[in-house]
Amino acid sequence: MIVRIQGEGQWELTGSQLDELDKIDNQMLEEIDHQDGTRFQQLLGQMLGYVRTKGRRLPTDEIVESNLILPPSDATADEVKALFTDEGLISSV
Amino acid sequence: MGILSRMSTIFKSKVNRALDKAENPGETLDYSYERQLEQVQNFKRGIVEVTTAKKRLELQSSQLRADVQRMDNQARQALAADREDLARTVLVRKQAAQQQLDGLDQQITALNDQQQKLSDAEARLSAKVESFRTQKEVIKAQYSAAKAQVKIGEAVTGISEEMTDVGSAIDRAQNKTSQMQARAGAIDELVNTGVLADVTAVGGGNDVDRQLAQITAQSGVDDELAKMKAELGAPGQRPQIGPPGSH
């Protein structure tokens, strides 16, 4: 699977590595409504760090579509929430 | 549905894949490539705008830094003249200016990081566009029309994803920059309305300046007197300066 960290590029991950992302993703989802966004950003940092260290970075000149898109490293819980609300996707949960 | 899958859906809805119904694959590829070159130029301009905004903030920061330094000197000057009240007034303003300065410097650091990331992203995009140029010639030369369609779809979607990513990174940077500029404008406003600038205005005829000027003049006279007294053999005396009107 190819994942893109927005603003940083693309990495290739194995299936079990994706499971790891999924775990962090679920924790982030729980945090998204919390007033204090610190934990959200910690989890995001953890997730991006995992991809950067465990994944295989794709060569710059390789042109391939990603399977999964990850938020940019400086994204806040509020920002992500606003994005979902704008797109009307929050109601689909 | 987790955050990542939703984010991916939103992101992918912005990626352009409108080229799969093309009648002439060769023309489609050439057209797509031309558009990519234009986009890269647009992105470069966007990055230049962010850089320009950052330079403006840096200029403001260095002006504010000089103001803080000047206020610091003025406070010392006032204190040396035994005018603690005046020193206190200056220090209150210095604190306010220092706070603004700290905030500004933090923003500049953040903008620096962002600028670096944008240039890296632009470099990655340019490498992909160059790779696309090579690939399109291969596709034109080697593939049957049907197979070319598939290859074109992959290449165009892949590169459009990269474009979307760089484009939204630049949008984010520009949003942040305009927020910072609004803040910088507010600081200018504070300076212009005198909240911060009273003591910093060069040659300004404000109250603190006048009082300090009075003290300077006063102590100059006192110094000269003391010197004269010493020359005349009178016992040396440290000048004492009280608030205006006490002499």
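To find a chain, count down the sequence lines: A is the first, B the second, and so on, and within it residues start at 1. Predicted, not measured: the structure shown is a model, and the values here were computed from it.
By the neighbour-count criterion of 12 heavy atoms within 6.0 Å, atom CD of B:Gln95 is sparsely surrounded, having that number or fewer from other residues, nucleotides or ligands. The local environment of CZ in B:Arg88 is sparse, with at most 12 non-hydrogen atoms from other residues, nucleotides or ligands closer than 6.0 Å. A 6.0 Å sphere centred on CZ of A:Arg52 holds more than 12 heavy atoms belonging to other residues, nucleotides or ligands. Annotation for B:Arg172: atom CZ counts as buried by contact number, over 12 foreign heavy atoms lying within 6.0 Å. A 6.0 Å sphere centred on NZ of B:Lys140 holds more than 12 heavy atoms belonging to other residues, nucleotides or ligands. Open room surrounds CD on B:Glu84; 12 or fewer heavy atoms of other groups in view lie less than 6.0 Å from it.
Not counting sequence neighbours, the partners of A:Gln42 by the side-chain hydrogen bond (donor to acceptor under 3.5 Å, both in side chains) test are A:Arg39. In this structure B:Lys44 satisfies the salt bridge (Lys or Arg N to Asp or Glu O under 4.0 Å) test together with B:Glu122, sequence neighbours excluded.
Residues of residues 6-14 of chain A that come closer than 4.5 Å to chain B, counting heavy atoms only, are A:Gln6, A:Gly7, A:Glu8, A:Gly9, A:Gln10, ordered by residue number.
Proximity to chain A is absent for every atom of B:Ser126, based on heavy atoms less than 4.5 angstrom apart. For A:Pro71, the parts sitting under 4.5 Å from any heavy atom of chain B are the backbone and the side chain alike. Heavy atoms closer than 4.5 Å to chain B are found in both the backbone and the side chain of A:Asp61. Neither the backbone nor the side chain of A:Leu18 comes within less than 4.5 Å of any heavy atom of chain B. Contact of B:Glu162 with chain A is made through backbone and side chain together, with heavy-atom distances under 4.5 Å. A:Glu62 touches chain B through its backbone: at least one of N, CA, C or O sits under 4.5 Å from a heavy atom, while the side chain does not.
Applying the salt bridge (Lys or Arg N to Asp or Glu O under 4.0 Å) test to residues at least two apart or on different chains, the pairs with a partner in residues 173-182 of chain B are A:Asp74-B:Lys176.
Considering CZ of B:Arg124 and CG of A:Leu58, their distance stands at 11.0 Å, rounded to 0.5 Å. Rounding to the nearest 0.5 angstrom, the gap separating the CG atom in A:Asn26 from the CG atom in B:Leu4 is 9.5 Å. The structure places OG of B:Ser5 at 12.5 Å from CG of A:Asn67, a figure rounded to the nearest 0.5 Å.
Shown here for A:Ser73 and B:Lys117, the closest heavy-atom pair between the two residues is OG-NZ, 3.0 Å.
Side-chain contact check for A:Arg4 versus B:Asp165: some heavy-atom pair is nearer than 4.5 Å. At least one side-chain heavy atom of A:Ile69 sits less than 4.5 Å from a side-chain heavy atom of B:Glu161. With a 4.5 Å cut-off on side-chain heavy atoms, B:Gln135 and A:Ile63 count as touching.
A side-chain contact (heavy atoms from CB on, under 4.5 Å) with B:Met7 holds for exactly one of A:Leu68, A:Leu83, A:Leu70; it is A:Leu83.
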Any chance you could lay out the side chain to side chain contact (heavy atoms under 4.5 Å, CB included) test for B:Ile3 and A:Val80, step after step, and finish with the verdict? CA-CA 8 Å; B:Ile3 289 179; A:Val80 172; 4.1 Å; yes

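Contact tally against chain A (heavy-atom pairs below 4.5 Å) for B:Ser8, B:Ser131, B:Gly158: the top residue is B:Ser8.
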